[in-house]
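Input: a single structure, listed below in structure tokens.
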Amino acid sequence: VSKEGAPGKTLSLKDAARYAGYSPDHFRRLAVEQHLIPFARPSGQQKGKILFRKADLDRFLGEAKDGQSGQ
């Protein structure tokens with residue numbers, strides 16, 4: 001079993017944006033401002049580093065792809 005697909009795998013903002021094919025700034029807006037992608041802040045503060053679970057990214061990308069197919 002590959003660790004790459006493990007549900008606990010987390011990615012930084014930059015890595016998550018690259019994985020999803022977005023710029024880091026746009027990806028942060030999708031998550032933080034539009035609440036489209038779940039994320040966690042390890043510091044518990046309102047600002048600071050944000051982390052994304054790979055499973056959440058895969059779910060977001062799947063929903064985005066499904067939404068585009070109807071257009």
Side-chain angles (χ1 to χ4, degrees):
V1 175
S2 170
K3 287 188 176 184
E4 184 68 25
K9 171 109 173 134
T10 58
L11 300 170
S12 68
L13 172 65
K14 184 183 280 187
D15 291 337
R18 185 179 309 127
Y19 177 77
Y22 292 93
S23 73
D25 286 339
H26 182 69
F27 198 74
R28 183 191 56 76
R29 282 192 292 274
L30 290 173
V32 176
E33 296 173 15
Q34 297 180 23
H35 306 285
L36 296 177
I37 308 162
F39 64 92
R41 291 193 190 272
S43 67
Q45 301 294 318
Q46 193 168 1
K47 295 197 181 260
K49 184 175 185 172
I50 58 178
L51 297 175
F52 299 87
R53 290 188 318 169
K54 187 173 182 298
D56 291 333
L57 297 177
D58 291 338
R59 191 174 307 110
F60 167 74
L61 293 172
E63 289 171 0
K65 184 178 180 181
D66 290 345
Q68 289 179 354
S69 64
Q71 293 180 359

Minimum heavy-atom separation for K49 to P42, with atom names? O-CD, 3.3 Å
Is there a side-chain contact between K9 and L57 (heavy atoms, below 4.5 Å)? no
Contact summary for P38 and D56, nearest pair of heavy atoms: CB-OD2, 3.6 Å
What one should report as the nearest heavy-atom pair of L51 and S12 is CD2-CA, 4.1 Å
Is any NZ, NE, NH1 or NH2 atom of the basic residue among R29 and D25 found under 4.0 Å from an Asp or Glu carboxylate oxygen of the other? no
Please work out whether the ring planes of F52 and F39 are parallel, tilted or perpendicular, with thresholds of 30° and 60°. tilted
Please check this pair: side chain of R28 against backbone of L13, looking for a donor-acceptor N/O pair closer than 3.5 Å. no
Once rounded to the nearest 0.5 Å, what's the spacing between atom CG of D15 and atom NZ of K54? 12.5 Å
Counting neighbours of CD on Q34 that are heavy atoms of other residues, nucleotides or ligands and sit closer than 6.0 Å, is the number greater than 12? yes
Interatomic spacing from OH in Y19 to CG in D58 - rounded to 0.5 Å: 3.5 Å
Nearest non-hydrogen partners of L36 and F60, listed with the distance: O-CD1, 3.7 Å
